[in-house]
Amino acid sequence: MPSLKIMASVLMVVDMRKLFIIILMISQLTGLSAYSGIHTTHDARMAWWRKARFGMFIHWGLYAIPAGEWRGKIIPGVGEWIMAHAQIPVDQYEPLKKKFNPVNFNAERWVKLAKQAGVKYIVITTKHHDGFCLFDSKYTDYDIMSTPFKRDIMKELSDACHRNGIKIGWYYSIMDWHHPDYLPRHKWDKRPADNASYDRYIKYVKNQLTGLLTNYGKISILWFDGGWEHKASEHHAAEIIALARKLQSDIIINDRLGIPEDFGTPEQEIPATGIPGRDWETCMTMNDTWGYKKSDNNWKSSQDLIRKLIEIASKGGNYLLNVGPTALGEIPEPSVERLKAIGHWLKINGESIYGTKASPFPKLPWGRCTQKELYSGKTRLYFHVFRWPEDGKLVVPGLKNRVKSTYLLGDPKRKKLRITRKKESIVINVPPQPLDKAVTVVEVDIVGG
Ligand code: JFZ
């Protein structure tokens, strides 16, 4: 019978462990980090992000009101840049805030659509270049609380994300065409700059980021933008990043403050060979604009968007696909349709994207490949076939490993496919028709990696 003293110390340990688990659970549920002093390593904080592969970008703000048109004219370029492209002075643009009343905004509906699309995280513009804040800011009245809407959109959206298990990230533009201390003034901005202080502006940025990273529970990503008009040192970038990591210890930060940080951000393009050795995410529009633009109906097809997701995953990157809601708070129907189509494909084929790594093959003429290590020392290859072989023979060049099994990923009957070896290739005998005309996935388990 162990002595009472030993029993007491065992109970102490058990209690302490329970307490630690309770604190961690509270921290996860509330996003409040009881351990904000502990900074995670890059790989530790990137683990969920690398598995996620697919996020939704949301560009929303006052620019959704003009929606790409000003004084009866369609303004060239992206919708969220209308203030610059139409050279609208601050005193003519700022009054838009009195018209911003997105009565059809419903955070739960947006997040449920994101989940249906197979999205794992959302990044939304808290403040874009026009300087308008979609959140309740203590440091400016150029914010959502000064509009007829008077509701903190960031609070409603972050709460909906936390309820639905979707990670939430903040886009925050350093460039600010409204704040009197932001410099340089653009040529169309005739406001005097004599008393402007960029250091005072950076203090404003730090104050706003403190609110954004304190008042909304767990924030998983900080997506900076608009940093290109100053050197990182002029932004006090290192201080801003240290502040963010102090407030949210495992937050993931992009490279657009002028310091590489956690991931690269190729925009509207997929790097030909990915970015080996670096985490990266391609952000892309579904049409040609980030912010809503009434006249832009140049929508990419659902098949094209699915194939882009696959292309990016096959090179080891993430896909941040954009929606630009209307001034009433609705995601445009063409975007909804495409998100649902992507989600339908991922419902059947998602394991060939989530948690996978880049292709081991240099190039495949008929499609792309991703891979996943299996516990049994085997590797599962996912061949995404864009161009189905008319002769029913899918040739995989350069695959020397022993093949353990081959199936169509979407085949409910799990019918094994016959393969034959041909020199340094294998030939997979596939049915005459693909299961999915957009992309059919062939899964091949091989010995080794
Ligand atoms: C920026 C923003 O200006 C744009 O409005 C949108 O938010 C996009 C996601 O990010 O666009 C850029 C940023 C950098 C480059 C081009 C467009 N660049 O470095 O060429």
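Model, not experiment: these values are computed from the prediction. Atoms within each ligand, like the ligands themselves, are counted from 1 in listed order. Note: hydrogens, waters and symmetry copies are ignored here, and every other heavy atom, side chains too, is used.
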Please report which non-hydrogen protein atom sits nearest to atom 4 (C) of ligand 1, along with the residue it belongs to and the distance in Å to one decimal place.
-> Glu80 OE2, 3.4 Å
For Trp81, the atoms of ligand 1 under 4.0 Å from one of its heavy atoms are 2 (C), 3 (O), 4 (C), 5 (O)
Apply side-chain hydrogen bond (donor to acceptor under 3.5 Å, both in side chains) to the pair His178 and Glu94, showing each step before the final yes or no.
-> CA-CA 8 Å; His178 178 272; Glu94 187 181 277; 2.4 Å; yes
Within less than 4.0 angstrom of ligand 1, does Arg256 place any heavy atom?
-> yes
Within-cutoff protein neighbour (heavy atom, under 4.0 Å) for atom 20 (O) of ligand 1 | no
Close approach of His129 to ligand 1, heavy atoms, under 4.0 angstrom | yes
Does Tyr354 have Lys120 sitting over its ring (NZ/CZ under 6.0 Å from centre, angle to axis within 45°)?
-> yes
Please could you name the atoms of ligand 1 that His128 approaches to less than 4.0 Å, counting only its heavy atoms?
-> 4 (C), 5 (O), 6 (C), 7 (O)
In terms of ring plane angle, is the pair Phe361 and Phe383 parallel, tilted or perpendicular, where the classes change at 30° and 60°?
-> tilted
For atom 7 (O) of ligand 1, is some protein heavy-atom partner under 4.0 Å away?
-> yes
Ion pair Glu373/Arg380, N-O distance below 4.0 Å | no
Spell out, as yes or no, whether a donor-acceptor pair under 3.5 Å connects the side chain of His235 to the backbone of Ile202.
-> no
Tell me: protein heavy atom nearest atom 11 (O) of ligand 1, and distance?
-> Glu267 OE2, 3.1 Å
Can you list the ligand 1 atoms lying under 4.0 Å from a non-hydrogen atom of Tyr171?
-> 7 (O)
Is the centre of the His59 ring less than 6.0 Å from the centre of the Trp81 ring?
-> no
For the ring pair Trp60 and Phe100, is the centre-to-centre distance below 6.0 Å?
-> yes
Tell me, please: is Asp225 in heavy-atom contact with ligand 1, that is, under 4.0 Å?
-> yes
Atoms of ligand 1, numbered as shown, that sit under 4.0 Å from any heavy atom of Trp228 = 3 (O), 13 (C), 14 (C)
Cationic N near anionic O, under 4.0 Å, Arg338 to Asp304 = no
